Number of protein chains: 2
Amino acid sequence: MLTISQLAAYAGVTVRAVRHYHQIGLLPEPERDQSGYRIYDAAAVVRLIRIRTLADAGVPLARVQELLDAGPEKFGDGVQEIDKELRAEIRRLQGTRRRLVRLATGEHLALPQSVVDYLDRLRGLGVEERYIEMERDAWIMIAAQAPHLIDAVIAKKHEELDDPDMVKLYSLLSGALDWPADDPRVDEIADLLERLMIRAVQAGEVGTDGFDDQFVDLLDSTMVESSPGAARLLAILEERGWRGWTRIERVPADRLNPELPSS
Amino acid sequence: MLTISQLAAYAGVTVRAVRHYHQIGLLPEPERDQSGYRIYDAAAVVRLIRIRTLADAGVPLARVQELLDAGPEKFGDGVQEIDKELRAEIRRLQGTRRRLVRLATGEHLALPQSVVDYLDRLRGLGVEERYIEMERDAWIMIAAQAPHLIDAVIAKKHEELDDPDMVKLYSLLSGALDWPADDPRVDEIADLLERLMIRAVQAGEVGTDGFDDQFVDLLDSTMVESSPGAARLLAILEERGWRGWTRIERVPADRLNPELPSS
DNA sequence: GCTTGACCTTGACGCTGGGTCAACCCTCCA
DNA sequence: TGGAGGGTTGACCCAGCGTCAAGGTCAAGC
């Protein structure tokens, strides 16, 4: 007959695990010898190996117990189901691997390839890395929040970049993170941006983007906090009848400065 | 700015999880408003999404922390290593799937292939399943106690089965589990066995098997308990100068019946 | 007969990644 | 003013064991 460590060694488990299975009733307590040691027979080996085979497949011990105590046909069904789950788990892990590879190579996070390409295009335009990281973070949030929209939005961004004025805008923005709030170049950005917006409105290119309003506010707030000049830029634009950054909208004249008494 | 539940919703986690990350220092505690509510900015969303991306890959949270706080080159190394672990896990699960398929019967998992083949050969000879199960349990014990010997012993058993008398012996033993102790066929078995032993001794095929003496006694005792006729069979053989079952030995004449006074 | 070292026993706490109360506070709306 | 529906901390709970702790047992060697 076998001692607990012989049993454990043969089934490839630890002594502690065997005792745990006794505790939860998964493996019946065997006879003891006169000194209280547990003594096992071959049936225990068989049962233990079955337990481990199922447990290694990720089956919770409670379900292992149900399966082993059920009839052979239920057992077969259960094993079939577990095998299906195993296949699904393997597929999941393979998907995780793919994401992980992109995480190492791409933008340090699982952004869709389209976004990575877009950020690379900005880099190619000479935009500084700090600004690109800000953009990237914004895209991370967009990817998390509205993954179904992201490819369409990216396509629109690519179109915009075909406009030389937009390229110029980015080259200005690139260095703007360190400007003081009263830097005159902030006005230059505002002028450029307004020209772009007017042109976009005339071309009928301003439509709904599909984003939630609050989400747009959140993205805007990160922009405002990124640089001292950002708030002033938005203020200038608002004076001229435009509001927002992530989504720039025309503000009707009668709704400008709503905090003033509209006597 | 965001409340905890808004943050959680953006990143697709539960509020409880966010608080857990604060507790373990994975996500820095943000500012509080005047009533003690946590208020988050977009950077927290980004960090939280990164945490989830790694955690979904199965990375333990402690390691997520190391990775996110490390430089980009260490981050790359860490991701490489995680990918290696993922590959290993996938292979392990595929192996588990193969074992799961064989789980229907006990012996394939508990025994080396050589023993399974041997038992199949016995089945092929028409030996009944009950006897085979007894044999199987004995082999499980042997495999547990002396795994290094098992292939050699099995090889010897295969050789023995090349002898037609041995085949005949098994066909007799197969049905013998239910015989009464005084069944005349027990004597037939004894005769057959003695012929086989004498031939083996003459051929010089009797050597040490490497088993522990106590272990041999144990295997014999299970044989004795398996059937009423078993004890009588051993007694007959002992009268004729043979002792044992698992390991049959010639007993010197002066050591026969040692319990009698050797005056 | 004594020591040593390997093994056995029970019992209890620790770990991960949170779920799920409880008990109370804050804000908003009718 | 009160009730819903947020938020807060604190505490216990789960699997599946690992890992002490504190002691009893067994076989071997002196």
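The shown structure was predicted, so the numbers you read here are calculated from the model rather than taken from an experiment. Throughout, a chain's letter reflects where its sequence line sits, starting with A, and its residues are numbered from 1. Just so it is clear, the values below take in all heavy atoms, side chains as well, and ignore hydrogens, waters and symmetry mates.
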dC8(C) OP1/OP2 closer than 4.0 Å to side-chain N/O of T3(A): yes

Under-4.0 Å side-chain N/O to phosphate OP1/OP2 contact, R32(B) with dT9(D): yes

Could you pull out the protein-nucleic contacts involving nucleotides 25-27 of chain C (nitrogen or oxygen on both sides, under 3.5 Å)?
| unit_1 | atom_1 | unit_2 | atom_2 | d |
| --- | --- | --- | --- | --- |
| dC26(C) | O3' | S35(B) | OG | 3.4 |
| dT27(C) | OP1 | Q34(B) | NE2 | 2.9 |

Can you check the [X] [atom1] to [N] [atom2] distance for me, whole Å?
{"X": "H22(B)", "N": "dG18(C)", "atom1": "NE2", "atom2": "P", "answer": "14 Å"}
{"X": "E31(A)", "N": "dT9(C)", "atom1": "CD", "atom2": "C1'", "answer": "17 Å"}
{"X": "M1(A)", "N": "dC7(C)", "atom1": "CE", "atom2": "P", "answer": "20 Å"}
{"X": "I4(A)", "N": "dT9(C)", "atom1": "CD1", "atom2": "C1'", "answer": "9 Å"}
{"X": "I51(B)", "N": "dG18(C)", "atom1": "CD1", "atom2": "P", "answer": "10 Å"}
{"X": "I39(A)", "N": "dT25(D)", "atom1": "CD1", "atom2": "P", "answer": "16 Å"}

Closest non-hydrogen atom pair between P228(A) and A181(A), with its separation: O-CB, 3.6 Å

Contact summary for L119(B) and I132(B), nearest pair of heavy atoms: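 Shortest heavy-atom separation between L119(B) and I132(B) comes out as O-CD1, 3.8 Å.
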
Aromatic ring pairing H22(A)/Y40(A), orientation class (parallel under 30°, perpendicular over 60°, tilted between):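 Answer is parallel, since the angle falls under 30°.
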
Among D220(A), D213(A), L219(A), side chain to side chain contact (heavy atoms under 4.5 Å, CB included) partner for R247(A): D213(A)

Passing candidate, side chain to side chain contact (heavy atoms under 4.5 Å, CB included) with D137(A), options V46(B), V45(B), I49(B):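 Passing option: V46(B).
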
Six-ring centre of F75(A), R50(A) cation under 6.0 angstrom, axis tolerance 45°: yes

Between W139(A) and E135(A), a side-chain donor and acceptor under 3.5 Å: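 Yes - a donor-acceptor pair under 3.5 Å links their side chains.
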
Passing candidate, side chain to side chain donor-acceptor pair (under 3.5 Å) with Y21(A), options E29(A), R52(A), R16(A), R47(A): R52(A)

Partner residues of H20(B) under the ring pair (Phe, Tyr, Trp, His ring centres under 6.0 Å) criterion, sequence neighbours left out: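 By the ring pair (Phe, Tyr, Trp, His ring centres under 6.0 Å) rule, H20(B) matches no residue at all.
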
Base-contact (B) and sugar-phosphate-only (S) positions in nucleotides 10-19 of chain D, heavy-atom cut-off under 4.0 Å, - elsewhere: -B----BBBB

